[in-house]
*Asks:* 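This structure is in structure tokens; I'll ask about it shortly.
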There are 2 protein chains.
Amino acid sequence: MYLCLMYSSELIKGTLKTIVLKLLSDNQKMYGYEITQKVKELTGDKIQITEGALYPSLHSLEAEGILSTETVNIGKRVRKYYSLTKKGKGTSHEKVSEFADFMNTMKFLLDIRPQV
Amino acid sequence: MYLCLMYSSELIKGTLKTIVLKLLSDNQKMYGYEITQKVKELTGDKIQITEGALYPSLHSLEAEGILSTETVNIGKRVRKYYSLTKKGKGTSHEKVSEFADFMNTMKFLLDIRPQV
DNA sequence: AAAGATACATAAGTTTCTTATGTATATAAG
DNA sequence: CTTATATACATAAGAAACTTATGTATCTTT
């Protein structure tokens, strides 16, 4: 069986928002750094979300009205919690369902072996 | 159960080369247009590879030594067949295996429901 | 005191795709 | 017969999403 340390970056492209929305639908509220660590932990380091990818993505989801934010002071440091809006909960389910459907299609496509 | 007509374009990003390499590992040789039609057919129009994406991708795979080409004249028209080189056969298996591994990881990641 | 972890942010550059355009032949429809 | 659609290639401009690099600042461990 095949095992790799980390996936090639093209593979992960397009899945970032789905992952973030799913985590937020399971955890009510999370902050950016927490999301990066959670994904690293849950995937055994196979998927590592970089901050340069995550923060702009969170900002755009907020601008779309999918996420709302709450800023909390931790000592002298600021922590920005994100949570799904009502609209965001719908978007989250749609994205996860779409990805599940996509995985079925890809599984079918990559399993076929006609001529050879 | 969720069903969609076509996947959002971000989702498909990064999977094009994997799909092409898998088709070529099952069919020995195919030409560009044939690949677009085959994918459309096999996925019930859910994945539609555009020629603007496919041809540059085929060219770069050829430049990397993963594909080799053979030009055939069909009447007055030209058809360019692509097939996997020896190196390409290895790459094809790797890409498909990597994607299968990635799907397992994503399935796990998107199924988790702890706190809620 | 320094190194590493926590925590945010942005900007330049790259890759990969979409959309548009171009060329040309073959076939089906009106 | 001529127009639309399908076949078959190709490239180029622009958009989107990421990587890599950089910046700021605090907290904790060594």
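So that the names make sense, note that chain A is the first sequence line, chain B the second, and so on, each numbered from 1.
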*Asks:* Taking atom C1' of D:dA21 as reference, at what distance in whole Å does atom CD of A:Glu51 sit?
*Replies:*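 After rounding, the reported distance stands at 12 Å.
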
*Asks:* Nearest whole angstrom, please: distance from the C1' of D:dA25 to the NZ of A:Lys80.
*Replies:* 16 Å

*Asks:* Take B:Ile47 and A:Met106, measure what side chain to side chain contact (heavy atoms under 4.5 Å, CB included) needs, and give me the verdict at the end.
*Replies:* CA-CA 10 Å; B:Ile47 299 180; A:Met106 284 300 290; 4.1 Å; yes

*Asks:* Rounded off to whole Å, could you give me the CD-to-C1' distance for the A:Gln37 and C:dA7 pair?
*Replies:* 11 Å

*Asks:* Of A:His59 and B:Ile49, whose nearest nucleotide on DNA chain C comes first from the 5' end?
*Replies:*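 Final value for this comparison: A:His59.
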
*Asks:* Between C:dC17, D:dT19, D:dA8, spot the one nearest the side chain of A:Ala53, thanks.
*Replies:*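 Closest nucleotide among those given: D:dT19.
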
*Asks:* Can you tell me if A:Tyr33 touches the phosphate of C:dC8, counting only side-chain N or O atoms and a distance under 4.0 Å to OP1 or OP2?
*Replies:* no

*Asks:* Which part of the nucleic acid does B:Gly32 contact within heavy-atom distance under 4.0 Å: base, sugar-phosphate only, or nothing?
*Replies:* sugar-phosphate

*Asks:* Using atom names, set out every protein N or O paired with an N or O of nucleotides 27-30 of chain D below 3.5 Å, distance rounded to 0.1 Å.
*Replies:*
{"residue": "D:dC27", "atom": "OP1", "partner": "A:Lys76", "partner atom": "N", "Å": "3.0"}

*Asks:* Specify the residue among B:Gly52 and B:Tyr31 whose closest nucleotide of DNA chain D lies further upstream toward the 5′ end.
*Replies:*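 Residue closer to the 5' terminus by nearest nucleotide: B:Tyr31.
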
*Asks:* Which is it for B:Leu61 and B:Tyr82 under the side chain to side chain contact (heavy atoms under 4.5 Å, CB included) test, yes or no, and what are the steps along the way?
*Replies:* CA-CA 10 Å; B:Leu61 287 169; B:Tyr82 288 88; over 6 Å; no

*Asks:* What does the inter-axis angle of the helix from C:dA1-D:dT30 to C:dG30-D:dC1 come out as, five pairs per end, nearest 10 degrees?
*Replies:*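 Inter-axis angle at the termini of the helix from C:dA1-D:dT30 to C:dG30-D:dC1: 20°.
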
*Asks:* A quick test of your reading: do over 12 heavy atoms of other residues, nucleotides or ligands sit less than 6.0 Å from NZ of B:Lys89?
*Replies:*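 No - once you tally the heavy atoms of other residues, nucleotides and ligands closer than 6.0 Å, there are 12 at most.
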
*Asks:* Is B:Val72 reachable from B:Leu67 through a run of I, L, V, M, F, W or Y residues, each pair having side-chain heavy atoms under 4.5 Å apart?
*Replies:*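 Yes, same cluster.
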
*Asks:* Is there a donor-acceptor contact under 3.5 Å from the side chain of B:Lys22 to the main chain of A:Leu110?
*Replies:* yes

*Asks:* Taking salt bridge (charged side-chain N to carboxylate O under 4.0 Å, His left out) as the test, write out the residues that go with B:Glu94, two or more places apart.
*Replies:*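 For B:Glu94, no residue satisfies salt bridge (charged side-chain N to carboxylate O under 4.0 Å, His left out) once neighbours in sequence are set aside.
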
*Asks:* Can you measure B:Leu54 atom CG to C:dT16 atom C1' for me and round it to whole angstrom units?
*Replies:* 13 Å

*Asks:* Between C1' on D:dC9 and CD on B:Glu34, what's the gap in Å once rounded to a whole number?
*Replies:* 14 Å

*Asks:* Rounded to whole angstroms, how far apart are CD1 on B:Ile35 and C1' on D:dT7?
*Replies:*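 Whole-Å distance recorded here is 15 Å.
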
*Asks:* Using a strict heavy-atom distance below 4.0 Å, which residues from residues 7-17 of chain B are in contact with DNA chain C?
*Replies:*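 Heavy-atom contacts with DNA chain C come from B:Ser9, B:Lys13, B:Gly14, B:Leu16.
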
*Asks:* Are A:Leu58 and A:Ile74 grouped together when hydrophobic residues (ILVMFWY) are joined by side-chain heavy atoms under 4.5 angstrom apart?
*Replies:*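 Yes.
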
*Asks:* Expressed as a whole number of angstroms, how long is the span from A:Tyr55:OH to D:dT19:C1'?
*Replies:*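 Interatomic distance, OH of A:Tyr55 to C1' of D:dT19: 16 Å.
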
*Asks:* Nearest-Å distance, CE (A:Met30) to C1' (C:dA7)?
*Replies:* 14 Å

*Asks:* Between A:Tyr7 and B:Thr105, do the side chains contain a donor N or O and an acceptor N or O under 3.5 Å apart?
*Replies:*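 Distance-only check passes for B:Thr105 and A:Tyr7.
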
*Asks:* Please enumerate all residues that pass side-chain contact (heavy atoms from CB on, under 4.5 Å) together with A:Thr50, with sequence neighbours excluded.
*Replies:* A:Ala53

*Asks:* Please list, chain by chain and in numerical order, all residues satisfying ring pair (Phe, Tyr, Trp, His ring centres under 6.0 Å) with B:Tyr33, sequence neighbours excluded.
*Replies:*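 Testing B:Tyr33 for ring pair (Phe, Tyr, Trp, His ring centres under 6.0 Å), a comparison that skips the adjacent residues, returns none.
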
*Asks:* I'd like to know if B:Lys29 pairs up with B:Glu34 as an ion pair, taking the criterion as any Lys NZ or Arg NE/NH1/NH2 lying under 4.0 Å from an Asp or Glu carboxylate oxygen.
*Replies:*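 Judged by the 4.0 Å cut-off on N to carboxylate O distance, B:Lys29 and B:Glu34 do not form a salt bridge.
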
*Asks:* So which of A:Thr15, A:Leu42, A:Thr18 actually passes side-chain contact (heavy atoms from CB on, under 4.5 Å) with B:Leu109?
*Replies:*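 Passing option: A:Leu42.
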
